[in-house]
Amino acid sequence: MRPARPEFVPDASLSREEMETLQHEVAAAATFDDDLSFDPANVSLASSSLVPDERRPLVAGVDQAFLDDHAVSAIVVLRGGEVVERAHAVTELSIPYVPGLLSFREGGPILDAFAELECDPDLVLFDGSGRIHFRQAGLATHMGVTLDVPAVGVAKSLLCGRPRESVDERPEGWRTPIEAADGVEPRDVDADDTEEFADTVVGYAYQSRQYPNSKQINPLYVSPGHRVSAETTVDLVERLGGEYKLPEPTRLADAYADDCKREY
DNA sequence: GCGACAG
DNA sequence: ATCTTGTCGC
C-alpha cells in the first residue's frame with residue numbers, strides 16, 4: 001500500500017515550524033466523520049461469521065519496536081479473528097521523539113512497512129493519538145490522511161485535552177469524552193467560535209480492561225485519525241477488544257514487532 | 001515564569 | 001519506547 005497523498009508524507013528534515021505547518025494542512029485535509037467502506041456492526045473478532053467475507057472489513061494494527069537508532073514497524077491485518085497478512089520494515093531513525101511531532105519520527109518508518117503490505121485494509125489502528133493532538137494531527141491522523149484510509153488512534157496516555165469526568169477507578173466498558181479544552185487548536189483559522197470549540201469532543205477515554213482484585217488499570221485514550229467519528233472510534237475499539245487492555249490488532253502488531261526485533 | 005507533554 | 005526477575009493473584 002502506497003501513499004495516496006505524497007505531499008503529506010512526513011519529512012524528518014523539516015524545521016519544527018515547517019512540521020507544524022504541515023500538521024495544520026494534514027488536519028485541514030482530515031475528515032472526522034464516518035466515511036467507511038463497511039458497517040461497524042460487522043466488525044468482530046469472531047473467526048467465523050454468517051456475514052459474507054466481502055462485508056467483513058480487513059482491520060490492520062500497527063506498532064513499533066526500537067533498537068538503538070532503528071525502528072521496527074510491524075503491521076498485522078485481521079479479518080474477524082483470523083490473521084490474513086503481516087508486513088514489517090526496519091528503518092533508520094533520524095530525529096528524536098518530541099511530544100507533538102511523533103509522526104515525523106515514526107511516520108516514515110511506518111510507511112515503509114505499508115509499502116511491503118499487499119492488501120488494502122479497510123481500517124487501521126495506530127499506536128498513538130489521532131485528533132487528540134495540539135493541532136489535531138497526531139500520528140493516526142497524519143498516516144490516515146497520507147494513505148487516505150480510515151484510521152483510529154489508540155494511546156495509553158493522554159497527550160492533551162480534558163476528560164469530561166475523572167477517569168479513576170472505572171469499570172470495564174466505561175467511557176467518557178475528551179474535550180478539546182484549551183490544549184487543541186481549532187482547524188478553521190477564520191472561525192471566531194474558539195470558545196465553543198473547547199467543548200468539541202476530540203476523542204474518548206475508554207476503560208478496555210479491569211481485573212477484579214488487581215491493581216487499577218488506566219483507560220485507553222482513543223481518537224479519530226481519519227474518516228471516522230469519535231463515537232464510532234470507541235465503538236470499533238470496543239468491538240476489537242479481546243482479553244487484554246489493547247485491542248487485538250494492536251496487541252498482535254506489538255508482539256510481531258518484538259519478534260522481528262529479536263531476529264534482526 | 002510554571003506546568004504538561006502520544007511513542 | 002527501552003533496561004529487566006521474580007512474584008502476587010485469578
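Reminder, nothing fancy here: chain letters follow the sequence lines and each chain counts from 1.
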*Asks:* Rounded to the nearest angstrom, tell me the gap between atom CG in Leu246(A) and atom C1' in dG7(B).
*Replies:*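 To the nearest whole Å, that distance equals 13 Å.
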*Asks:* Restricting both atoms to N or O, compile the protein contacts to nucleotides 1-6 of chain B shorter than 3.5 Å, with distance only.
*Replies:*
unit_1: dA6(B); atom_1: OP2; unit_2: Tyr97(A); atom_2: OH; d: 2.6
unit_1: dA6(B); atom_1: N7; unit_2: Gly100(A); atom_2: N; d: 3.2
unit_1: dA6(B); atom_1: N6; unit_2: Gly100(A); atom_2: O; d: 3.2
unit_1: dA6(B); atom_1: N6; unit_2: Leu101(A); atom_2: N; d: 3.3
unit_1: dA6(B); atom_1: N6; unit_2: Leu102(A); atom_2: N; d: 3.1
unit_1: dA6(B); atom_1: N6; unit_2: His133(A); atom_2: NE2; d: 3.4
unit_1: dA6(B); atom_1: N1; unit_2: Leu139(A); atom_2: N; d: 3.1
unit_1: dA6(B); atom_1: N3; unit_2: Ser129(A); atom_2: N; d: 3.0

*Asks:* Measure up the His88(A) and Tyr256(A) rings against each other and bin them: parallel (under 30°), tilted (30 to 60°), perpendicular (over 60°).
*Replies:*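 Correct class here is perpendicular.
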*Asks:* Taking 4.0 Å as the cut-off, does a side-chain nitrogen or oxygen of Lys261(A) come that near to OP1 or OP2 on dT2(C)?
*Replies:*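 It does, given that an N or O in the side chain of Lys261(A) lies less than 4.0 Å from OP1 or OP2 of dT2(C).
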*Asks:* Between protein and nucleic acid, restricted to nucleotides 5-10 of chain C and to nitrogen or oxygen atoms under 3.5 Å apart, what atom pairs and distances do you find?
*Replies:*
unit_1: dC10(C); atom_1: OP1; unit_2: Asn213(A); atom_2: ND2; d: 2.6

*Asks:* Using Watson-Crick and G-U wobble pairs whose two distances are both under 3.5 Å, how do you write the pairing of DNA chain C as dot-bracket, with | for links to another strand?
*Replies:* ..........
*Asks:* Using the side-chain contact (heavy atoms from CB on, under 4.5 Å) definition, which of the options Val26(A), Thr146(A), Val145(A) pairs with His226(A)?
*Replies:*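 Answer after filtering Val26(A), Thr146(A), Val145(A): Val145(A).
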*Asks:* For Arg79(A), is there any backbone N or O sitting under 3.5 Å from a side-chain donor or acceptor partner on Arg56(A)?
*Replies:*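 Such a contact is absent between Arg56(A) side chain and Arg79(A) backbone.
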*Asks:* Are the side chain of Gln210(A) and the backbone N or O of Glu169(A) linked by a donor-acceptor pair below 3.5 Å?
*Replies:*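 Side chain of Gln210(A) to backbone of Glu169(A): no pair is present.
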*Asks:* Could you tell me how the ring of Tyr264(A) sits relative to the ring of His70(A): parallel (under 30°), tilted (30 to 60°) or perpendicular (over 60°)?
*Replies:*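 Rings of Tyr264(A) and His70(A): tilted, as their planes differ by 30° to 60°.
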*Asks:* Would you indicate what Ala71(A) reaches in the nucleic acid, counting non-hydrogen atoms under 4.0 angstrom: base, sugar-phosphate, or nothing?
*Replies:*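 The answer is nothing, as Ala71(A) stays clear of every strand by at least 4.0 Å.
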*Asks:* Please check if the number of heavy atoms outside Asp39(A) that lie under 6.0 Å from its CG is greater than 12.
*Replies:*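 Counting other residues, nucleotides and ligands, CG of Asp39(A) exceeds 12 neighbours.
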